[in-house]
Asks: 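Submitted below is the structure of interest, expressed as structure tokens.
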Amino acid sequence: MTDTGDSTITVHGTVAAGFEGVREEFAAVLAADHTEPGGQLAVHHHGRLVVDLWAGEGIAGDSLPAVYSSTKGAAHLVVALLVQDGVIDPDRTVASYWPEFAAEGKGGLTVRELMSHRSGLIWADGGFTVEELADDRILAARLAGQRPYWTPGTEYGYHALTIGALTGEVVRRATGRSIQEIFEERVRAPYGLDFHLGLPEALEPRYVSIRPGVPTPEQAAEFAANPVDPDSLMAVAFGFAADPPLDLVALANTRAVRALGPASVGGVASARGLAGMYAAAMSGLDGRAPLLEPETVAEAGRVRWTGTDVVTAEADAFALGFEASGNHYPALGEGSFGHSGAAGSQAYADPANGVAYGYTRRRFALPGGAAPENERLSAAVSEAVAKL
């Protein structure tokens, strides 16, 4: 039991010998949370589940919250598989697969540059409805003819709501199939993962709705003093400049979004599903061989460009569509890769240490992106592994 000040939260689940400190840190994270705390944490070490914890109102080990941009990791795992197969060449131009993409000066952009958020297609003139944001094919058709927000290839900026549709259309043109279909057949179903790009109606009872963030008094003062500039690339990329502004909590809680599973933000997963996907990718899972060969694992975590993101104004780095996770968690080994999500989720592979990590939370973490407790939890995992 963990006393959070106002109530007592029970931490459920198990940890393997040597990982007791991770459970203690998970409990401490709950105790420090000023909102209704709750979430899930799962960790695989060399393919073995060593941490499987959950806590909070309405949350079970197999609950399925929305994981927002952690979905991008699933989408780009599909691309990594197709690169491994020789079906997609990341150094060919996008337009060589998708001719319509060449409009408005985009013809020279490579697939690798596209996956590194360098296309400038962070939004489209006239904006998108929620129904359009749910459908990657509609997004791709709109974006193909769109004038980019910067000269393609010269800068990089986070394509929060569009990158999955863009890379998804390359996949569709190269294979005749969607990212969602390939993910289901090659990743989710064979490994039995609770990670869905398109949540079946039968699994809806396991979905736990995302709750709005609750700022601390300090955060509220900071937000009031520094509102997002409606003319900024940040406001554009996240739909905050739209009329009305996009509600990210409502977006994830929309059944049409969950049903279609748009590859930028529409995934639904448990922490077990997040960690299990990265374990399957690099180590194998439950006796099945790893999805990725060692050379592909190395390529997935190899950063080609670094600098300041022109959308978020933060230092960040993308590899083959994945975030370079070691930039955020220094204890991780070189070549770590994964993706965070807006409500606070985080998932990554740390090949050097054989760790696959997945974290979800129900209450939207502020200001956005990976919840700050992931630093503490990741450090506890790294410490446990180092002592084995």
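Residues: numbered from 1 along the sequence shown.
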Asks: Between Val265 and Lys72, is there a side-chain heavy-atom distance shorter than 4.5 Å?
Replies: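 In contact.
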Asks: Salt bridge between Glu113 and Arg304, side-chain N to carboxylate O under 4.0 Å?
Replies: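 Looking at Arg304 together with Glu113, the answer is no, because their closest N to O distance does not fall below 4.0 Å.
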Asks: Taking atom types as modelled, is there a side-chain donor on Glu222 or Asn226 under 3.5 Å from an acceptor on the other?
Replies: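 Side chains of Glu222 and Asn226: pair found under 3.5 Å.
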Asks: The test is side chain to side chain donor-acceptor pair (under 3.5 Å); show your working for Glu373 and Tyr359 and say whether it passes.
Replies: CA-CA 10 Å; Glu373 62 263 26; Tyr359 177 73; 2.5 Å; yes
Asks: Please identify which of these residues, Ile182, Leu291, Leu320, meets the side-chain contact (heavy atoms from CB on, under 4.5 Å) condition with Leu77.
Replies: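 Going through Ile182, Leu291, Leu320 one by one, the side-chain contact (heavy atoms from CB on, under 4.5 Å) with Leu77 is satisfied by Leu291 alone.
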Asks: Give a yes-or-no answer on whether the side chains of Thr296 and Gln84 include a donor-acceptor pair shorter than 3.5 Å.
Replies: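 There is such a pair between these side chains.
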Asks: Are Leu233 and Trp150 side-chain neighbours, meaning at least one heavy-atom pair lies under 4.5 Å?
Replies: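 Contact flag for Leu233/Trp150 side chains = yes.
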Asks: For Tyr207, is the NZ or CZ atom of Arg258 found under 6.0 angstrom from the centre of its six-membered ring and inside 45 degrees of the ring axis?
Replies: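 Relative to the ring axis of Tyr207, which defines the angle, Arg258 lies inside both limits.
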Asks: Is the closest basic N to carboxylate O distance between Arg118 and Glu155 below 4.0 Å?
Replies: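 Looking at Glu155 together with Arg118, the answer is no, because their closest N to O distance does not fall below 4.0 Å.
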Asks: Can you tell me how the ring of Trp98 sits relative to the ring of Phe101, calling it parallel under 30°, perpendicular over 60° and tilted otherwise?
Replies: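 It falls in the tilted class, 30° to 60°.
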Asks: Should Glu185 and Arg177 count as an ion pair when the cut-off is N to O under 4.0 Å?
Replies: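 A salt bridge is present here (some side-chain N lies under 4.0 Å from a carboxylate O).
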Asks: So do the side chains of Phe364 and Arg361 get within less than 4.5 Å of each other, counting heavy atoms only?
Replies: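 A side-chain contact is absent here, since even the closest heavy-atom pair is not under 4.5 Å.
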Asks: Run the side-chain hydrogen bond (donor to acceptor under 3.5 Å, both in side chains) test against Asp85 and tell me which residues pass, sequence neighbours left out.
Replies: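 Result, side-chain hydrogen bond (donor to acceptor under 3.5 Å, both in side chains) vs Asp85: Arg186.
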Asks: In Å, rounded to the nearest 0.5 Å, how long is the span from NE2 of His76 to CD1 of Ile163?
Replies: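 Between His76 NE2 and Ile163 CD1, I get 5.0 Å after rounding to 0.5 Å.
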Asks: Any heavy-atom pair between the side chains of Leu199 and Leu64 that's under 4.5 Å?
Replies: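 Yes, close enough: below the 4.5 Å cut-off.
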Asks: Minimum heavy-atom separation for Leu260 to Ala134, with atom names?
Replies: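 Residues Leu260 and Ala134, closest heavy atoms: CB-O, 3.3 Å.
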Asks: Would you check if Gln346 and Tyr329 make a side-chain contact, meaning some heavy-atom pair closer than 4.5 Å?
Replies: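 Answer yes - side chains close enough.
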Asks: With distance as the sole criterion, is a donor-acceptor pair present between the side chains of Ser70 and Ser345 under 3.5 Å?
Replies: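 Judged by distance alone, the side chains do pair up.
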Asks: Evaluate the ring planes of Tyr348 and Tyr357, with Trp represented by its six-membered ring, and classify them as parallel (under 30°), tilted (30 to 60°) or perpendicular (over 60°).
Replies: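 Tyr348 and Tyr357: parallel rings.
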Asks: For residues Ser119 and His159, is any side-chain donor paired with an opposing acceptor at under 3.5 Å?
Replies: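 Result is yes, a qualifying pair exists.
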Asks: So does Arg172 pair up with Asp136, basic N to acidic O under 4.0 Å?
Replies: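 Salt bridge absent between Arg172 and Asp136.
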Asks: Would the distance check show the side chain of Ser232 and the main-chain N or O of Val228 forming a donor-acceptor pair, the cut-off being under 3.5 Å?
Replies: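 Checking the backbone N and O of Val228 against the side chain of Ser232, no donor-acceptor pair under 3.5 Å is found.
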Asks: How about Asn253 and Val249: do any of their side-chain heavy atoms sit closer than 4.5 Å?
Replies: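 SC-SC contact between Asn253 and Val249 confirmed.
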Asks: Do Ser69 and His339 touch side chain to side chain, with heavy atoms closer than 4.5 Å?
Replies: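 In short, these two side chains touch, coming nearer than 4.5 Å.
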Asks: Which value, rounded to the nearest 0.5 Å, describes the distance between Arg302 atom CZ and Arg112 atom CZ?
Replies: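 One gets 8.0 Å once the value is rounded to the nearest 0.5 Å.
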Asks: Can the positive tip of Arg272 be found less than 6.0 Å from the middle of the six-membered ring of Trp54, inside 45° of the ring normal?
Replies: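 The answer is yes, since Arg272 meets both limits relative to Trp54.
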Asks: Between Tyr158 and Glu314, is any side-chain donor less than 3.5 angstrom from a side-chain acceptor?
Replies: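 Judged by distance alone, the side chains do not pair up.
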Asks: Could Arg147 and Glu104 be called an ion pair, given the rule that one side-chain N must be under 4.0 Å from one carboxylate O?
Replies: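 Judged by the 4.0 Å cut-off on N to carboxylate O distance, Arg147 and Glu104 do not form a salt bridge.
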Asks: Flag the pair Asp247 / Leu251 as yes when at least one side-chain heavy-atom distance between them is below 4.5 Å, and no otherwise.
Replies: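 They are not in side-chain contact.
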Asks: Suppose we call two aromatic rings close when their centres sit under 6.0 Å apart. Are Phe128 and Trp123 close by that rule?
Replies: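 Judged by ring-centre distance (under 6.0 Å), Phe128 and Trp123 do meet the cut-off.
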Asks: Check the pair Ser270, Gln40 against side chain to side chain donor-acceptor pair (under 3.5 Å), reporting the backbone distance first and the verdict last.
Replies: CA-CA 7 Å; Ser270 65; Gln40 304 165 319; 5.0 Å; no
Asks: Going by atom type alone, with no hydrogens or angles, which donor-acceptor pairs under 3.5 Å involve a side-chain atom of residues 273-280 and a protein atom two or more places apart or on another chain?
Replies:
none

Asks: Any chance you could measure His44, atom NE2, to Leu49, atom CG, to the nearest 0.5 Å?
Replies: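 Reported to 0.5 Å precision, the distance equals 4.5 Å.
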Asks: Look at atom CZ of Arg173 and say whether more than 12 heavy atoms of other residues, nucleotides or ligands are closer to it than 6.0 Å.
Replies: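 Counting other residues, nucleotides and ligands, CZ of Arg173 exceeds 12 neighbours.
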